[in-house]
Amino acid sequence: MSIANKNILLGVTGGIAAYKAPDLVRKLTALGANVRVVLTDSAAEFVSALSLQAVSGNPVHQHLLDPAAEAAMGHIELAKWADLLLIAPATANTLAKLAHGMADDLLSTLYLATTARLFIAPAMNQQMWKAPATQTNLNVLASHGVHFIGPASGEQACGDVGSGRMVEPVDIANEVNQVFSANNVEAESLNGLAGKRITITAGPTREPLDPVRYISNHSSGKMGFAIAQVAAQAGASVNLVAGPVSLATPTGCSRIDVTTAEEMLEACQTLVPTTDIFISTAAVADYRAASVADNKIKKTGDELTLTFVKNPDILATVSGRNDRPFCVGFAAESQDVEAYARTKLAKKQLDMIAANDITTEGLGFNSDNNALHVIWSDGDKKLPATSKYALASQLLNLIAQQHSKTH
Ligand code: PMT
């Protein structure tokens, strides 16, 4: 399925790249889409409503409180009309407004009111793009399911060089077309998860040494929480067993907080009889202190020797049960990624394993992006680097396909 005959609301906001909006409309209509344009006040300083009306063949929508426009097609009607909302160019200000749920103009109101697929092509100065506030807003928007296109890098209108240029209209149109088509296939297969009971482990475990110290790792829980969120959106009933992380509970999920591997195992064992699919993203500590000191361990010499004992393997325990659910493991590896992942798939008797190569900077532990090599008994698929939310959707899509073959 492509964007041919689909309804696209194109939001144009106030950056210099707005002058490319008529060309973008042409590229989208050339792919067969019906396009209606929403222009913010500041975008109207860069590009005329008249030219956008001429190329789209539809009146341009500019104001929230315009009685004539509301009488023709009110903003809620417009939000329902759209199969896809594309904002290009999207300024830093627009990203901030959308991330905070503001609705003080037509475009931000439509963003809240629509259930359409969301695409954003940001465009701004390179320093504004890098600013922590903008990056935080991007993460929030990614968690709403927004697919980002770009920005591209190069020379900017202000003379700076770096990331922040809007991707060219032809490339935006092609990416929207491609992702929209792929998403529809994905959405169809994600439908297979509706009503399924999914248990997900996420985050690190924390193994105490004494009343004030512990050993743990850098897992943030983001991968597992993203999977939980997408699974709940697909209609699954989700239990999220979370190690100590500082993330908000995804909407619609039940959360069980634990600290140690033993507590995580206990929570999972309780949930297994009512679990159809078990997804183990947690970075569980392999060892714990043989005994936890009652009092703070004192500095006594140049060396300190502690004895550790093996923790239970939660995933292997779950997959070894007679009432085992469909079991999906993760493997974070720094060398021979595929070989180690395949060994874990076999050794832990899993239905599927998702391997992360943790040597790539910006992916894996405690980052917003990841890439996975998903492997099962008679197939595999490489999912290239993208946001953990987009990846969660692709992974769940594979899980839904494989689970439906065996159950
Ligand atoms: O939390 P994030 O910051 O988003 O990072 C995500 C991640 C990198 C932690 C995640 O994507 C990931 O790769 N998790 C697995 C980490 C790992 O190295 O697992 P492992 O190779 O030690 O274990 C293999 C599998 O067995 C995993 O599914 C693990 O959850 C499970 N396991 C391991 C040990 C144990 N005692 N019990 C387990 O259940």
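Predicted model only: the values in this text are computed from it and were never measured. Sequence positions, counted from 1, serve as the residue numbers for this chain. Just so you know, ligand 1 is whichever comes first in the structure, and atom 1 is the first atom listed for that ligand.
The aromatic rings of His407 and Phe326 sit perpendicular to each other, their planes meeting at more than 60°, with 30° as the lower class boundary.
Here the heavy atom of the protein found nearest to atom 6 (C) of ligand 1 is Met223 CB, 3.7 Å. The nearest protein atom to atom 29 (C) of ligand 1, hydrogens excluded, is given as Ala282 O, 3.3 Å; this is a heavy-atom distance. Counting protein heavy atoms only, atom 28 (O) of ligand 1 is closest to Ser280 O, 2.6 Å. For atom 39 (O) of ligand 1, the nearest non-hydrogen atom of the protein is Leu315 N, 2.9 Å. If you check which protein heavy atom lies closest to atom 21 (O) of ligand 1, you get Lys344 NZ, 2.4 Å.
For the pair Lys348 and Asp313, the salt-bridge criterion is met [side-chain N within less than 4.0 Å of a carboxylate O]. The pair Arg197-Asp276 meets the salt-bridge criterion, since a charged nitrogen lies less than 4.0 angstrom from a carboxylate oxygen.
Of all the heavy atoms of Pro312, the ones lying under 4.0 Å from any atom of ligand 1 belong exclusively to the backbone. Residue-level proximity to ligand 1 for Asn311 is absent, since no heavy atom of it falls below 4.0 angstrom.
In the candidate list Asp286, Leu391, Asp313, Thr281, Asp313 is nearest to atom 38 (C) of ligand 1, counting heavy atoms. Among Phe330, Tyr287, Phe365, the residue whose heavy atom lies nearest to atom 25 (C) of ligand 1 is Phe330.
Contact check for Val318 versus Arg324: no side-chain heavy atoms found under the 4.5 Å cut-off.
Counting the atoms of ligand 1 from 1 in the order shown, those under 4.0 Å from a heavy atom of Gly329 are 28 (O).
Counting heavy atoms of neighbouring residues, nucleotides and ligands inside a 6.0 Å radius, atom CD of Glu266 does not exceed 12 of them. By the neighbour-count criterion of 12 heavy atoms within 6.0 Å, atom NZ of Lys344 is densely surrounded, having more than that number from other residues, nucleotides or ligands.
Between Ser220 and ligand 1, a contact under 3.5 Å exists for at least one N or O pair.
Under the side-chain contact (heavy atoms from CB on, under 4.5 Å) test applied with Asp105, the options Thr40, Leu64, Leu110, Val38 reduce to a single match, Thr40.
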